[in-house]
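Written below as structure tokens is the structure these notes are about.
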Amino acid sequence: MLQGPIVILTGAGVSQESGLDTFRCEGGVWSRYDLEDVATPQGYQRNPVLVQDFYNARRRQLEDEAVRPNPAHLALARLERDWPAPVLVVTQNIDDLHERAGSRAVLHMHGELRKGRCEACGRVLNWPGDMTVDSRCPACGRNGLVRPHVVWFGEVPLEMERIFQALDTCALFLSIGTSGNVYPAAGFVAHVRERGVAPTVELNLEPSNGASLFHQTLYGPAGTLVPRFVEALLRGDDLGSV
Ligand code: BV8
């Protein structure tokens with residue numbers, strides 16, 4: 001029977017049934033914006049107003065009371081509560097739906113939409129409302145140097161040391177709702193496989209770029225698959241039978 005710590009990588013697919021757009025699916029975020037313009041430091045340098053507006057729109061969407069944790073988020077929070085070893089969610093998402101579902105061990109490797117960072121004093125700030133190019137840092141008082149606390153392409157993801165420590169000691173690696181396009185997250189499954197100890201499982205709507213690297217793959221909407229998978233895990237079922 002499977003025992004020990006679980007690491008769960010999530011991507012935009014886990015929030016899709018909560019009404020948040022994914023990036024690379026039909027009509028996704030990158031079909032409406034060029035990521036070079038809104039998710040790179042160069043894009044921010046070129047047109048900070050466009051980038052601030054891009055994140056303001058996504059932050060406002062998160063405020064919409066129709067955007068709530070879905071059964072996948074809730075099942076992962078239940079797994080953390082009921083599993084007899086640590087459960088760590090490593091999310092590429094910048095929404096706060098895992099936390100709102102009740103997950104407490106969550107690492108946002110690409111940052112958080114409802115946070116800002118002052119480039120003058122370095123402080124990470126709670127920022128639930130709009131941010132502009134003139135926003136004032138409440139910590140140091142400087143104007144115009146607050147940016148979204150988000151990891152853009154070409155920037156170093158957050159918490160990498162903690163993430164690799166968890167990957168190196170996990171008894172199970174789950175990947176949920178990610179296309180496996182963005183590194184280093186897309187490389188986590190290969191890293192776990194190199195160790196050759198923990199089973200690796202992909203739960204997604206369709207095969208990701210890294211599908212062949214998973215011991216087991218299950219396809220369907222996360223809101224249906226994840227509760228079923230968590231139920232089977234907690235019952236001690238053989239994972240192959242899920
Ligand atoms: C870095 C900003 C150096 C926040 C994002 C090799 C090694 C290292 C780096 C690279 C490398 N090759 C290339 C790179 C550079 C680059 C990169 O990966 N480029 C890609 C385009 C090739 N990586 C970087 O620049 C990273 N930094 O490497 O620094 C370093 C490396 C290691 C250690 C130290 C330093 C920084 C990457 C972060 C970029 N920022 N976002 C924001 O605006 O949100 S990434 C962007 O894509 C999104 O934020 C998202 O987080 C991320 C991943 O997308 P997914 O979550 O997978 O979403 P996607 O739409 O693609 O897929 C959704 C999936 O869900 C689909 O498969 C779909 O089928 C499924 N789905 C849909 N609905 C459902 C569903 N599944 C289940 N149920 C449903 N209902």
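Just follow the structure's listing: the first ligand is 1, and inside any ligand the first atom is 1.
- Within the 4.0 Å heavy-atom criterion, the part of P157 lying near ligand 1 is the side chain and not the backbone.
- Looking at A39 against ligand 1, nothing comes within 4.0 Å, counting heavy atoms.
- Comparing H110, R58, E17 by heavy-atom distance to atom 43 (O) of ligand 1, the nearest is R58.
- Remark: E161 CD is loosely packed, at most 12 non-hydrogen atoms of other residues, nucleotides or ligands lying under 6.0 Å away.
- Inspection of the H191 and D168 side chains reveals an N or O donor paired with an N or O acceptor under 3.5 Å.
- Of all protein heavy atoms, the one closest to atom 76 (N) of ligand 1 is L205 N, 3.2 Å.
- The atoms of ligand 1 that sit less than 4.0 Å from any heavy atom of P184 are 28 (O), 32 (C).
- Within a 6.0 Å sphere centred on CZ of R104, other residues, nucleotides and ligands contribute 12 heavy atoms or fewer.
- Ligand 1 has at least one atom lying under 4.0 Å from a heavy atom of C25.
- Counting only heavy atoms, the protein gets under 4.0 Å from atom 53 (C) of ligand 1.
- Residue A222 approaches ligand 1 through these ligand atoms, each under 4.0 Å from one of its heavy atoms: 77 (C), 78 (N), 79 (C).
- If you number the atoms of ligand 1 from 1 as listed, the ones under 4.0 Å from a heavy atom of V150 come out as 2 (C), 4 (C).
- For R46, the CZ atom is densely surrounded, since the number of other residues' heavy atoms within 6.0 Å is greater than 12.
- A salt bridge is defined here as a Lys NZ or Arg NE, NH1 or NH2 lying under 4.0 Å from an Asp or Glu carboxylate O, and K115 with E99 fails to meet this definition.
- Within the hydrophobic cluster formed by Ile, Leu, Val, Met, Phe, Trp and Tyr side chains joined at under 4.5 Å, directly or through other members, I94 is accompanied by L20, F23, V29, W30, Y33, L35, V38, Y44, L50, V51, F54, Y55, L62, V67, L97, L113, V150, W152, F153, V182.
- When only non-hydrogen protein atoms are considered, atom 74 (C) of ligand 1 lies nearest to G13 O, 3.5 Å.
- Of all protein heavy atoms, the one lying nearest to atom 2 (C) of ligand 1 is V151 O, 3.2 Å.
- Contact annotation for W152 and ligand 1: only backbone heavy atoms (N, CA, C, O) come within less than 4.0 Å of the ligand.
- Annotation: atom 21 (C) of ligand 1 to nearest protein heavy atom, F153 CE2, 3.8 Å.
- Near N181, with a cut-off below 4.0 Å to any heavy atom, the atoms of ligand 1 are 20 (C), 22 (C).
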Does the side-chain contact (heavy atoms from CB on, under 4.5 Å) test come out yes or no for T217 and N204, once each step is laid out? CA-CA 8 Å; T217 55; N204 207 48; over 6 Å; no
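- Here I94 has side-chain heavy atoms under 4.0 Å from ligand 1, and that is the only part of it that gets that close.
- For the pair M109 and ligand 1, no heavy-atom separation below 4.0 Å is found.
- Within the 4.0 Å cut-off (strictly below), no protein heavy atom is located near atom 13 (C) of ligand 1.
- The hydrophobic clustering, which links ILVMFWY residues whose side-chain heavy atoms are closer than 4.5 Å, places L234 and I8 together.
- Cluster membership check: L239 shares its hydrophobic cluster with L203, using side-chain heavy-atom separations under 4.5 Å among Ile, Leu, Val, Met, Phe, Trp and Tyr.
- Of the protein's non-hydrogen atoms, A12 CB, 3.6 Å is the one closest to atom 58 (O) of ligand 1.
- Listed by number with element, the atoms of ligand 1 under 4.0 angstrom from any heavy atom of G11 are 56 (O).
- For atom 4 (C) of ligand 1, a protein heavy-atom neighbour is found at a distance under 4.0 Å.
- Among Y219, W30, Y183, Y55, the residue whose heavy atom lies nearest to atom 28 (O) of ligand 1 is Y183.
- Atom numbering of ligand 1 starts at 1 in the shown order; those under 4.0 Å from a heavy atom of G177 are 63 (C), 64 (C), 65 (O), 76 (N).
- For P221, the heavy-atom gap to ligand 1 drops under 4.0 angstrom.
- The backbone N or O of N93 lies less than 3.5 Å from a partner atom in the side chain of H108, making a donor-acceptor pair.
- Counting the atoms of ligand 1 from 1 in the order shown, those under 4.0 Å from a heavy atom of G154 are 24 (C), 25 (O).
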I'd like to know whether D130 forms a salt bridge (Lys or Arg N to Asp or Glu O under 4.0 Å) with R60, so could you lay out the CA-CA distance, the side-chain angles of the two residues, the decisive distance to 0.1 Å, and finally the verdict. CA-CA 8 Å; D130 278 5; R60 272 185 238 125; 3.0 Å; yes
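- For R123, the CZ atom is loosely surrounded, since the number of other residues' heavy atoms within 6.0 Å does not exceed 12.
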Checking T10 against H73 for the side-chain contact (heavy atoms from CB on, under 4.5 Å) test, could you report, in this order, the C-alpha distance in whole Å, the side-chain angles of both residues, the deciding distance, and whether it holds? CA-CA 10 Å; T10 64; H73 296 108; over 6 Å; no
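- Comparing heavy-atom distances from atom 57 (O) of ligand 1 across T91, T178, T10 singles out T178 as nearest.
- Donor-acceptor pairing under 3.5 Å is recorded for the side chains of T200 and H215.
- With hydrogens and angles disregarded, a donor-acceptor distance shorter than 3.5 Å links the side chain of Q61 to the backbone of G19.
- Nearest to atom 36 (C) of ligand 1 by heavy-atom distance, out of Q92, Q16, E155, M160, is E155.
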